[in-house]
Peer 1: 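Okay, handing you the structure first.
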Amino acid sequence: MNLAIDALSVSYGSTEALSDFTLDVSDGERFAIMGPSGSGKSTLLRAVAGLIPSDSGTIVINGIDMTNTPAHRRPVGLMFQDYALFPHMDVVHNVAYGLRMEGVPAQDRMARSRDLLDLVGLPGFENRVPTTLSGGEQQRVALARTLAPEPSVILLDEPLASLDFSLRQSLLAEMRAILDAVGATSIYVTHDSSEAFAFGDRMAVMREGEIVRMGAPDEIWYEPRSEFVASAIGQSNLVPMSTIGIARDGVAFVPLDATTVRAAGQLSGVVVDSRFEDGARIATLAMPDGASRLDVQVSQEAIAGVTITFDVDQSRIIVVSASEV
Ligand SMILES: Nc1ncnc2c1ncn2[C@@H]1O[C@H](COP(=O)(O)OP(=O)(O)OP(=O)(O)O)[C@@H](O)[C@H]1O
Ligand SMILES: [Mg+2]
C-alpha cells in the first residue's frame, strides 16, 4: 500500500474537521474525493502533506510511518486551486524550485524541468513569466512544479476550480494521463461530482470529516445507498417512492434517461420549467402530491402549465435510504 491513512483526526480548536478518517490508496492509483464545502477535504490533504498536525491516527507512506515527519521530508506533492507560482521567477525556475531545495545540480534541474514542461504540454515556455500565462497554462506549470521532485504521492486540491468548463474537462483528461505516465499515486479533491467521477479509479464521498461512501465510480453512481450521496452526485431525480407510483416508503433515485415521455404514460405532472441541458431538453414537472418535482426528457420545448404524461422505466429506479448517513 502506497498511502495508508488510519483513524486520522484533525481539529481546529473545538471544531473537528476530520474524524477517525481511514483510507488506503494503492501504488499508482488515482483516487478522487468529493464532498461539499467544509467537509474536510483540504484538511485531509494538508494533514497528509504535513502542513497541519493531527490529533490522533497515523499516516504511512511507502510502508514508513510519516505521522510526525516534517512536511519537507515527506515524499508528497500538493497542488492547489490558486497556482501560487512565484511571480518573480520565470517558468523553468518555478518548475525547478523544489529540485533546488533538494540540492540537485543546476544543469540537471534545468534539464529535468524542461522535460516536465514538455510533459505538461508547454515546450518553449521556459523563459515566460507567470503573469503572461493563461490560467490553464499556469496550472500546467504548477503541475510540472509539483511533479519535479518525483513525489510518491500527489495531492490535488481543486486544481481546476478557477478554469472554465471546457478547459477543466480537457486538462483533467491530460492530468490523468500525466499522472499515469509518471506512475504517481494521487488523491484529487473537489466539490464537483463530474470531476470526481472522471478522475478516479476509485472515489469517496465525504461529509463532515468522514467518508460516507467509497467505491468505483460506477458502483457509487448505481448504488448511492443514501439520500446524501444520491443528491451529492446530482443529475438525477430524487423523489419519494410514492411520487413515481410505488407504494413504498423510501426515496427513489431516478436517472434522467429512465424517464420517457409518451402519450400513454402512467404518470403525469405539470410543467414548471423547461430548459436545454447537456444535450437534452429537460422539463421539470410538479407532481400531483404538490411537493415533488421530477425532471423528464422531452423532445420539444415544454410550455409551462401544460400537463405531461410520461413513463418511468421502473427497472432503472434505485432505492436509497432516506435516513441520514
Ligand atoms: N485554519 C482553520 N481554522 C479554523 N477552522 C478551520 C480552518 N481551516 C478549516 N477549518 C474548518 O474545518 C472544516 C473543514 O474545512 P476544509 O477547508 O477542510 O473543508 P473543504 O472540504 O476543503 O471545503 P471547500 O470545498 O470549501 O474547500 C470547516 O468547518 C472549516 O471551517
Ligand atoms: Mg478546500
Side-chain angles (χ1 to χ4, degrees), residues 2-3 25-31 45-46 48-51 59-66 68-160 162-163 167-168 170-188 199:
N2 196 276
L3 170 65
V25 185
S26 36
D27 211 8
E29 186 177 24
R30 280 182 267 104
F31 194 91
L45 298 194
R46 281 191 226 119
V48 171
L51 301 176
I59 298 161
V60 176
I61 301 172
N62 297 332
I64 300 166
D65 188 334
M66 299 241 154
N68 299 308
T69 304
H72 66 276
R73 294 235 183 83
R74 297 190 190 192
V76 171
L78 179 56
M79 179 177 162
F80 301 96
Q81 167 183 350
D82 44 16
Y83 349 94
L85 298 176
F86 302 114
H88 56 286
M89 282 183 199
D90 64 13
V91 163
V92 76
H93 285 89
N94 262 283
V95 176
Y97 181 80
L99 299 175
R100 198 176 79 188
M101 294 292 107
E102 284 184 355
V104 175
Q107 213 167 347
D108 295 349
R109 60 179 195 254
M110 286 303 138
R112 174 152 175 75
S113 300
R114 279 195 196 95
D115 288 347
L116 281 165
L117 286 170
D118 287 347
L119 182 70
V120 300
L122 294 179
F125 277 64
E126 288 81 354
N127 301 118
R128 297 272 293 271
V129 285
T131 48
T132 69
L133 303 178
S134 71
E137 288 162 352
Q138 291 186 46
Q139 279 308 58
R140 287 169 199 265
V141 175
L143 179 62
R145 188 177 64 178
T146 306
L147 294 172
E150 298 184 53
S152 307
V153 174
I154 295 179
L155 307 173
L156 304 144
D157 194 346
E158 313 226 17
L160 308 178
S162 55
L163 307 177
L167 190 55
R168 271 199 325 259
S170 59
L171 256 184
L172 185 69
E174 271 186 62
M175 281 176 64
R176 288 167 44 115
I178 290 167
L179 291 167
D180 288 351
V182 300
T185 303
S186 55
I187 300 182
Y188 184 106
F199 181 83

Peer 1: Nearest 0.5 angstrom please: Met89 CE to Arg100 CZ, how far?
Peer 2: 5.0 Å
Peer 1: For Val104, is there any backbone N or O sitting under 3.5 Å from a side-chain donor or acceptor partner on Arg109?
Peer 2: yes
Peer 1: Looking at Phe80, is its backbone amide N or carbonyl O close enough to the side chain of Gln139 to form a donor-acceptor pair, meaning the two atoms are under 3.5 Å apart?
Peer 2: yes
Peer 1: Under the side chain to side chain contact (heavy atoms under 4.5 Å, CB included) test against Thr146, which residue among Ile154, Val76, Val141, Leu78 passes?
Peer 2: Ile154
Peer 1: Measuring from atom CG of Leu99 to atom CE of Met110, what distance do you get when rounded to the nearest 0.5 angstrom?
Peer 2: 8.5 Å
Peer 1: Grab the two heavy atoms, one from Gly50 and one from Ala71, that are nearest each other, plus how far apart they are.
Peer 2: O-CB, 3.8 Å
Peer 1: Kindly say whether Asn2 contributes a backbone atom to a donor-acceptor pair with the side chain of Asp27 at under 3.5 angstrom?
Peer 2: no
Peer 1: Output yes when a side-chain donor or acceptor of Ser186 lies under 3.5 Å from a complementary backbone atom of Leu155, and no otherwise.
Peer 2: no
Peer 1: Report yes or no: does Arg145 contribute a side-chain atom to a donor-acceptor pair with the main-chain N or O of Gly98 at less than 3.5 Å?
Peer 2: no
Peer 1: Roughly how far, to the nearest 0.5 Å, is CD of Glu150 from CD of Glu102?
Peer 2: 8.5 Å
Peer 1: Grab the two heavy atoms, one from Phe125 and one from Val91, that are nearest each other, plus how far apart they are.
Peer 2: O-CB, 3.2 Å
Peer 1: In a check of side chain to side chain contact (heavy atoms under 4.5 Å, CB included) between Tyr188 and each of Leu179, Asp157, Leu172, Leu45, which one passes?
Peer 2: Leu172
Peer 1: Where do Leu116 and Ala148 come nearest, in terms of heavy atoms and distance?
Peer 2: CD1-CA, 3.3 Å
Peer 1: For Asp180, is there an ion pair with Arg30 - N to carboxylate O distance below 4.0 angstrom?
Peer 2: yes
Peer 1: What heavy-atom pair brings Gly135 and Leu163 nearest, and what distance separates the two atoms?
Peer 2: C-CD2, 3.5 Å
Peer 1: To the closest 0.5 Å, what do you measure between CD1 (Ile59) and CZ (Arg74)?
Peer 2: 5.0 Å
Peer 1: Please report the shortest heavy-atom distance between Pro130 and Gln138, naming the atom on each side.
Peer 2: O-NE2, 3.6 Å
Peer 1: Only one of Val92, Asp90, Val95 forms a side chain to side chain contact (heavy atoms under 4.5 Å, CB included) with Glu126, so which one is it?
Peer 2: Val92
Peer 1: Quick one: CD on Glu137 to OG1 on Thr132, what's the gap to the nearest 0.5 Å?
Peer 2: 8.0 Å
Peer 1: Of all the heavy-atom pairs spanning Pro75 and Ile61, show the shortest one and how long it is.
Peer 2: CG-CG2, 3.8 Å
Peer 1: With a 4.5 Å heavy-atom cut-off, do Leu143 and Glu174 have their side chains touching?
Peer 2: no
Peer 1: Quick check: do Ile64 and Thr69 have side-chain heavy atoms less than 4.5 Å from each other?
Peer 2: no
Peer 1: Could you check Ile187 against Leu3 for side chain to side chain contact (heavy atoms under 4.5 Å, CB included), going step by step and ending with a plain yes or no?
Peer 2: CA-CA 10 Å; Ile187 300 182; Leu3 170 65; 3.6 Å; yes
Peer 1: Would the distance check show the side chain of Arg140 and the main-chain N or O of Leu122 forming a donor-acceptor pair, the cut-off being under 3.5 Å?
Peer 2: no
Peer 1: How long is the gap from OG on Ser152 to CE on Met66, to the nearest 0.5 Å?
Peer 2: 8.0 Å
